[in-house]
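From a predicted model like this one, the values you see are computed outputs, not experimental measurements.
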Amino acid sequence: MKFIKSVIQEMKAVTWPNATETRRDTSTVVGTSILFAIYFALADFVILALLKAFVF
């Protein structure tokens, strides 16, 4: 029971993000994910082109 009470007490002390902060953070994660996807797609394309040119 002591554990549950301490968890409840800690959860009351948490400051939750508002809608604007949540939207900003979500758009940052989505944007970063898209940039990484583009980077890795280009890297894959370049590596594949180099392998085809010199190995296969």
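At least one donor-acceptor pair closer than 3.5 Å links the side chain of Ser27 to the backbone N or O of Arg24.
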Using a 3.5 Å cut-off and no angle test, enumerate the donor-acceptor pairs between side-chain atoms of residues 9-18 and protein atoms at least two apart in sequence or in another chain.
residue: Asn18; atom: OD1; partner: Thr20; partner atom: N; Å: 3.2
residue: Asn18; atom: OD1; partner: Glu21; partner atom: N; Å: 2.9

What donor-acceptor contacts under 3.5 angstrom involve side-chain atoms of residues 35-55, with partners at least two apart or in another chain?
none

